*Asks:* 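This is the structure I want to talk about, given as C-alpha cells.
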Amino acid sequence: MFWVLIIGELALVFGISRWLNKLSLTMATLLFILYSALNGVTLSVIFLAYSPMVITKVFLITASTFGVMAAYGYFTKTDLSKMGKILFMALIGLIIATLVNVFLRSPGFDLIISYIGVLVFVGLTAWDTQKIKGMLAQCEDMDEDAQKIALMGSLTLYLDFINLFLYLLRIFGRER
C-alpha cells in the first residue's frame with residue numbers, strides 16, 4: 001500500500017506539472033489537494049519511526065528555515081537564476097546518490113546525502129520563491145493563467161518544504 005501511495009504521489013506531481021495548462025484551475029486545484037492528502041497519509045509513517053518531540057523540533061526548524069529563505073528569495077535584489085541551475089543539477093545528483101544508497105545501505109553516506117539535501121532545498125526555496133515572484137510580476141492581472149502559476153508555485157514550494165523537513169528529520173532523528 002505504501003508503494004502505491006508513493007507512485008500515486010509521483011504521478012500526481014508529474015501530471016499536474018505536465019498538464020497544468022490543459023487543466024481547468026478547479027481541476028488543477030483539486031489534484032493539488034489530492035496530492036497533499038496523499039502526502040499526508042504517506043508521511044504519517046514518520047510517527048512510527050520518530051518521537052513526537054523530534055518531529056516537532058524538526059518541524060519548527062524547517063518552518064523557520066523555510067520562512068527565512070522564502071523571505072530572502074522574495075526580497076533580495078540578487079539574481080538567483082545561476083544558483084538555481086546549479087541547485088537543480090545538485091538535485092539530480094542527490095536523487096542518483098539516494099538511489100545508489102538504497103543498495104549500499106551506508107549510514108555514513110546517508111548522513112552526507114542528508115546534509116547535502118538540506119543545503120539543496122534551502123537554496124531551492126530561495127530560488128523558487130524568486131522565480132515565482134518574477135513570473136507573477138509579468139502577469140498583468142490575476143487571471144486564470146496567473147492563478148495557475150501561483151498553484152504551480154505552491155506545489156513547488158510545498159515540495160521544497162517537505163523535502164527539507166525529511167532531510168532534517170533524517171539528521172536530527174539520529175539523536176535518540
Side-chain angles (χ1 to χ4, degrees), residues 1-63 65-66 70 87-125 127-128 131-132 144 147-176:
M1 186 64 175
F2 181 75
W3 287 107
V4 170
L5 292 172
I6 294 288
I7 292 168
E9 281 186 57
L10 288 172
L12 278 170
V13 167
F14 289 124
I16 293 169
S17 301
R18 182 174 172 104
W19 295 300
L20 181 65
N21 292 327
K22 294 178 182 172
L23 295 170
S24 70
L25 179 61
T26 303
M27 180 55 75
T29 303
L30 289 173
L31 290 173
F32 178 67
I33 292 168
L34 177 61
Y35 168 75
S36 300
L38 276 176
N39 191 251
V41 171
T42 305
L43 287 179
S44 68
V45 300
I46 67 170
F47 288 97
L48 300 174
Y50 301 98
S51 73
M53 182 61 95
V54 169
I55 294 170
T56 302
K57 178 173 71 171
V58 171
F59 179 81
L60 293 174
I61 292 167
T62 305
T65 304
F66 181 86
L87 288 168
F88 186 75
M89 288 186 291
L91 177 60
I92 292 169
L94 190 63
I95 292 167
I96 292 168
T98 301
L99 290 174
V100 167
N101 202 38
V102 165
F103 301 104
L104 294 178
R105 298 179 191 242
S106 168
F109 191 46
D110 184 57
L111 189 59
I112 291 168
I113 291 170
S114 297
Y115 278 106
I116 292 170
V118 167
L119 293 174
V120 167
F121 284 102
V122 162
L124 282 174
T125 299
W127 177 60
D128 286 334
K131 183 179 68 172
I132 295 162
E144 186 169 315
Q147 291 178 37
K148 285 182 179 181
I149 291 170
L151 181 71
M152 193 64 210
S154 299
L155 177 61
T156 303
L157 290 174
Y158 182 82
L159 290 168
D160 290 343
F161 184 90
I162 293 297
N163 282 291
L164 179 59
F165 174 74
L166 291 173
Y167 281 115
L168 284 169
L169 191 59
R170 287 166 60 182
I171 293 167
F172 288 103
R174 297 174 190 277
E175 301 174 359
R176 285 214 168 218

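From a predicted model like this one, the values you see are computed outputs, not experimental measurements.
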*Asks:* Which atom pair, heavy atoms only, marks the closest approach of Leu151 to Ala28?
*Replies:*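 Scanning both residues, the minimum pair turns out to be CD2-CB, 3.4 Å.
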*Asks:* Once rounded to the nearest 0.5 Å, what's the spacing between atom OG of Ser154 and atom CD1 of Ile149?
*Replies:*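 One gets 12.0 Å once the value is rounded to the nearest 0.5 Å.
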*Asks:* I'd like to check the side-chain hydrogen bond (donor to acceptor under 3.5 Å, both in side chains) partners of Thr156; sequence neighbours left out, ordered by chain and number.
*Replies:*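 Checked Thr156 against side-chain hydrogen bond (donor to acceptor under 3.5 Å, both in side chains); zero matches.
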*Asks:* Got a list of side-chain donor-acceptor pairs under 3.5 Å for residues 34-42, not counting sequence neighbours?
*Replies:*
| unit_1 | atom_1 | unit_2 | atom_2 | d |
| --- | --- | --- | --- | --- |
| Ser36 | OG | Phe32 | O | 3.0 |
| Asn39 | OD1 | Tyr158 | OH | 3.1 |
| Asn39 | ND2 | Glu9 | OE1 | 2.6 |
| Thr42 | OG1 | Glu9 | OE2 | 2.6 |
| Thr42 | OG1 | Leu38 | O | 2.9 |

*Asks:* Between Gly123 and Leu87, what is the shortest heavy-atom contact and its length?
*Replies:*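 Closest approach of Gly123 to Leu87: C-CD1, 3.3 Å.
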*Asks:* Do Ile162 and Phe165 touch side chain to side chain, with heavy atoms closer than 4.5 Å?
*Replies:*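 A side-chain contact under 4.5 Å is absent here.
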*Asks:* Looking only at heavy atoms, what is the nearest atom pair of Leu20 and Met152, with distance?
*Replies:*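 That would be CD2-CB, 3.7 Å.
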*Asks:* Which residues pass the side-chain contact (heavy atoms from CB on, under 4.5 Å) test with Met89, not counting sequence neighbours?
*Replies:*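 side-chain contact (heavy atoms from CB on, under 4.5 Å) check on Met89 returns Ile86.
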*Asks:* In a table with atom names and distances, give each donor-acceptor pair under 3.5 Å that connects a side chain of residues 100-108 to protein atoms at least two apart or in another chain.
*Replies:*
| unit_1 | atom_1 | unit_2 | atom_2 | d |
| --- | --- | --- | --- | --- |
| Asn101 | OD1 | Ser106 | N | 3.0 |
| Asn101 | ND2 | Ser106 | O | 3.3 |
| Ser106 | OG | Phe109 | N | 3.1 |

*Asks:* Any heavy-atom pair between the side chains of Thr125 and Thr65 that's under 4.5 Å?
*Replies:*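 SC-SC contact between Thr65 and Thr125 ruled out.
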*Asks:* Tell me, please, which residues at least two apart from Asp110 pass side-chain hydrogen bond (donor to acceptor under 3.5 Å, both in side chains).
*Replies:*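 Listed in chain order: Arg170, Arg174.
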*Asks:* With rounding to the nearest 0.5 angstrom, report the CD1 to CG distance, Ile6 to Leu10.
*Replies:*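 Ile6 CD1 to Leu10 CG: 7.0 Å, rounded to 0.5 Å.
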*Asks:* Under the side-chain contact (heavy atoms from CB on, under 4.5 Å) criterion, do Leu169 and Thr62 qualify, and how do the steps go?
*Replies:* CA-CA 9 Å; Leu169 191 59; Thr62 305; over 6 Å; no
*Asks:* Students often mix this up, so state it plainly: with edges at 30° and 60°, are the rings of Phe121 and Tyr167 parallel, tilted or perpendicular?
*Replies:*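 Geometry flag for Tyr167 against Phe121: parallel rings.
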*Asks:* How far apart are the C-alpha atoms of Leu124 and Trp127, what are their side-chain angles, what is the distance that settles it, and do they pass the side-chain contact (heavy atoms from CB on, under 4.5 Å) test?
*Replies:* CA-CA 5 Å; Leu124 282 174; Trp127 177 60; 3.6 Å; yes
*Asks:* To check you understand the geometry: which heavy-atom pair defines the closest contact between Gly173 and Val54, and what is its length?
*Replies:*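 Residues Gly173 and Val54, closest heavy atoms: CA-CG1, 3.9 Å.
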*Asks:* So, taking the atom named OG in Ser114 and the one named CG in Leu94, what distance separates them when rounded to the nearest 0.5 Å?
*Replies:*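 Answer for the OG-CG pair, Ser114 versus Leu94, is 8.5 Å.
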*Asks:* In Å and rounded to the nearest 0.5 Å, what is the CG to CD1 distance from Leu111 to Ile171?
*Replies:*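 Those atoms lie 6.5 Å apart.
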*Asks:* Return the CD to CG distance between Glu144 and Leu23, rounded to the nearest 0.5 Å.
*Replies:*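 The CG atom of Leu23 is 10.0 Å from CD of Glu144, to the nearest 0.5 Å.
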*Asks:* Are the aromatic rings of Phe59 and Phe161 close, with centres under 6.0 Å apart?
*Replies:*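 Yes.
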*Asks:* Nearest 0.5 Å, please: how far is CG in Leu164 from CG in Leu157?
*Replies:*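 The distance works out to 11.5 Å.
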*Asks:* Sequence neighbours left out, what pairs pass side-chain hydrogen bond (donor to acceptor under 3.5 Å, both in side chains) with at least one residue falling in residues 21-32?
*Replies:*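 Found none.
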